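What you are looking at is a predicted structure, and each value in this text was computed from that prediction instead of being measured. Excluded from the calculations below are hydrogen atoms, water molecules and symmetry mates; all remaining heavy atoms, backbone and side chain alike, are included.
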Amino acid sequence: MGVLLQYFHAIGAFNALLLSVVLFFSGKLNPAGKVLVIWLLAWSIYAVSPLIFINAPASFLSAFHIIALWLPASFGALMYLYLSLSIRRTALLKRDIIKFIPLVMCLLLNADYAFMSEVQLADFRNRGVEFDIQHQIAMVFLYGQAFYYFAKSFRLIVRYKQQTESELSNFQPAVFQGLTVIIGVNLILWLLEILSALYSGVYFLALASDIFFTLFLCFLGLLHWKEPHFFSVTHRQKIPDESHNREHLDPIVSHCVDNHVKRTEGYVDASHFLLDGEKKDDSSALLDETLAEVFQSIDVFMREQQPYLDSKLSLTSLSDQLGLGKHYVSEAINAVSGQNFHQYVNNFRVQWFCKQLKENPSSKLLDLAMDSGFSSKSAFNAVFKKLTGKTPTQYKSLVTPSL
C-alpha cells in the first residue's frame with residue numbers, strides 16, 4: 001500500500017468519522033440520518049483498517065483489519081435503506097436486519113482469518129489474500145449485494161416517481177433526478193471497485209476507487225446535514241373507504257356517484273379483454289359516460305372553488321373535498337383529459353397565472369407563481385415552459401410589451 005494511499009485513507013477515515021459525529025449531534029437525526037451515520041462509521045472503520053493492519057504489531061489489531069475488510073458488504077443495504085427512508089419518512093423496522101445477511105456471510109466465510117497467529121499474520125502481510133473457494137464465495141456476496149440493492153433502489157425510485165406524479169400536484173422532478181444520480185454514482189463506484197479488485201496491481205484504480213467513495217459519502221453527509229428532508233416525498237394520508245358517508249357531497253358529485261353505483265352494479269368491466277376490432281359492450285359505454293360525468297363535476301369544482309391555488313393539493317385531498325373515492329377522480333382525469341393529476345392541476349395554475357399577469361402586469365412573476373399554487377420557482381419555470389413554450393419572462397414581454 002503506497003504512502004499516498006495511506007495518507008488518503010487516514011484523511012478519509014477522519015472526515016467520515018467527523019461527519020458521522022456532526023450528524024449524530026446535529027438534532028437532525030431522522031431514520032434516514034441514522035442509517036447515514038452507520039454508513040459513514042462503517043466507511044471510516046473500513047478506511048482506517050489497512051493502516052492498522054500495516055502498522056500495528058498486535059495480532060488483535062491486525063485481525064481487526066480482516067473483519068473490517070468486509071464492511072462494504074453492507075453498503076448496498078445501507079444505500080437502499082437511506083434512500084427508502086428518505087423518500088418515505090418511515091422508521092427502521094426489525095426485519096431490516098435481514099438486509100445485512102451478505103455482510104454476515106462474508107464474515108463467517110472469513111472468520112478463520114481473525115484468529116491467525118503472529119506468524120500467520122506476518123505471512124499474510126507478505127503474500128496477501130489467497131483466493132480460495134471461501135474468499136471467492138465471499139466476493140460473490142460482496143459484489144452481488146451491491147448490484148442487487150442498486151436494482152432494488154432503482155425500482156423504488158421509479159415506482160415512487162410514478163406514484164408522486166399521479167397523486168401530488170407539486171411534483172418535484174429534481175428530487176428524483178437527485179436520487180437517480182446517487183444510485184448512478186454508486187453503480188460507477190462499485191464498477192470501479194471491481195476493476196480495482198481484478199487489477200490489484202494497478203495503483204491508480206485503488207486510489208481512485210477510495211477517493212471517489214469517500215467524496216461521495218462525505219457529500220451525502222453534508223447534504224443531509226444541511227437539508228435532512230431533501231429527498232423526502234410528501235405522501236397522501238390513508239384513503240378512506242369509497243363507501244364513506246356522502247351527506248357532505250356536492251349535489252353534482254353525489255349524483256355522479258349514485259349513477260355509477262346503479263349502472264355498474266352486477267357486472268364486471270371486461271373492456272381490457274377486448275380484441276382489436278371488437279366493440280365495447282353497453283356496460284363499458286356506461287362506464288365511459290360515468291367517467292365523463294365525474295370529470296365534468298371535477299372540472300366545475302376546479303374552476304369555481306380553485307383548489308389548485310393550494311400548493312399542498314394532492315389527489316387524496318381533492319378527492320376528500322369532492323367527496324369521491326380517489327379511484328374515481330384519478331380514472332376520470334386520466335380517461336377524459338388524457339393527463340395525469342399533476343399535469344391536469346398545473347394547467348389550471350398556469351392559466352390562473354397568465355390571467356393574473358394580464359390583469360396586473362406590474363406584479364412580480366415569482367409572487368404570482370407562488371400564489372398560483374406552485375411550491376418553488378424551478379418547478380414553476382419548468383411547467384410554464386413546457387405548457388407555453390416560453391419562459392415566464394418571455395411571456396410577460398409578449399402580453400405587456402409596453403412595460
Side-chain angles (χ1 to χ4, degrees), residues 15-46 71-104 145-165 167-168 170-187 189-190 213-239 312 314 316 375:
N15 286 335
L17 178 63
L18 180 62
L19 257 178
S20 66
V21 172
V22 169
L23 281 177
F24 186 80
F25 292 103
S26 66
K28 302 177 180 179
L29 204 63
N30 53 29
K34 293 177 182 177
V35 171
L36 189 55
V37 166
I38 295 172
W39 198 359
L40 286 165
L41 281 173
W43 174 257
S44 179
I45 295 170
Y46 171 75
L71 284 176
S74 67
F75 288 0
L78 289 170
M79 179 193 70
Y80 174 76
L81 284 173
Y82 176 72
L83 296 179
S84 177
L85 297 177
S86 293
I87 294 173
R88 297 181 296 183
R89 291 198 192 184
T90 53
L92 281 166
L93 303 175
K94 291 182 179 178
R95 66 170 179 264
D96 288 330
I97 195 69
I98 66 173
K99 293 180 173 61
F100 299 97
I101 288 178
L103 172 62
V104 174
Q145 60 86 32
F147 290 99
Y148 170 76
Y149 282 109
F150 164 78
K152 197 172 176 65
S153 298
F154 185 76
R155 288 197 300 269
L156 174 77
I157 292 171
V158 170
R159 185 173 73 249
Y160 271 86
K161 180 180 179 182
Q162 293 172 343
Q163 181 181 350
T164 304
E165 190 170 11
E167 294 188 9
L168 299 183
N170 267 315
F171 168 67
Q172 297 282 3
V175 171
F176 292 96
Q177 290 168 2
L179 291 169
T180 304
V181 167
I182 285 178
I183 63 171
V185 169
N186 223 278
L187 174 63
L189 291 175
W190 274 104
F213 228 121
T214 301
L215 291 176
F216 166 73
L217 278 178
C218 287
F219 168 78
L220 205 57
L222 289 171
L223 179 62
H224 189 92
W225 179 45
K226 182 178 180 182
E227 185 53 63
H229 298 296
F230 183 82
F231 296 118
S232 64
V233 178
T234 304
H235 284 289
R236 52 179 171 73
Q237 298 176 345
K238 188 175 181 180
I239 304 170
K312 296 182 180 179
S314 66
T316 300
S375 60

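- For the residue pair Tyr82 and Val35, the shortest heavy atom distance occurs at N-CG1, 3.8 Å.
- The two residues Gly221 and Leu40 come nearest to each other via the heavy atoms CA-CD1, 4.5 Å.
- Within 6.0 Å of the NZ atom in Lys99, the count of heavy atoms belonging to other residues, nucleotides or ligands exceeds 12.
- Once rounded to the nearest 0.5 Å, the distance linking NZ of Lys34 with CD1 of Ile38 reads 9.0 Å.
- The shortest distance between side-chain heavy atoms of Ile98 and Ile101 falls below 4.5 Å.
- Remark: the backbone N or O of Leu23 is paired with a side-chain donor or acceptor of Ser26 at under 3.5 angstrom.
- Between Tyr80 and Tyr148 the shortest side-chain heavy-atom distance does not fall below 4.5 Å.
- Atom CG of residue Leu220 and atom CD1 of residue Ile182 lie 5.0 Å apart, to the nearest 0.5 angstrom.
- By the 6.0 Å contact criterion, CD1 on Ile97 is open, its count of non-hydrogen atoms from other residues, nucleotides or ligands being 12 or less.
- In this structure, CE in Met79 is found 6.5 Å from CH2 in Trp39, a value given to the nearest 0.5 Å.
- Crowding of Phe154 atom CZ: a count of heavy atoms from other residues, nucleotides or ligands under 6.0 Å not exceeding 12.
- In terms of heavy atoms, Phe100 sits closest to Ser74 at CD2-CB, 3.7 Å.
- If you look at Phe147 and Trp190, their ring centroids are not closer than 6.0 Å.
- Interatomic distance, CG of Leu17 versus CG of Asn15, reported as 9.5 Å (0.5 Å rounding).
- Taking CG of Leu81 as the reference point, atom CG of Leu93 lies at 9.5 Å (rounded to 0.5 Å).
- For the pair His224/Asn30, a side-chain contact is recorded, criterion being any heavy-atom separation below 4.5 Å from C-beta on.
- The minimum heavy-atom distance linking Ala16 with Cys218 is given by the pair N-SG, 4.4 Å.
- Atom CZ of Phe24 sits in a sparse spot, with 12 or fewer heavy atoms from other residues, nucleotides or ligands closer than 6.0 Å.
- To the nearest 0.5 angstrom, Ile183 atom CD1 is 10.5 Å from Arg155 atom CZ.
- In this structure, the side chain of Thr180 engages the main chain of Phe176 through a donor-acceptor pair within 3.5 Å.
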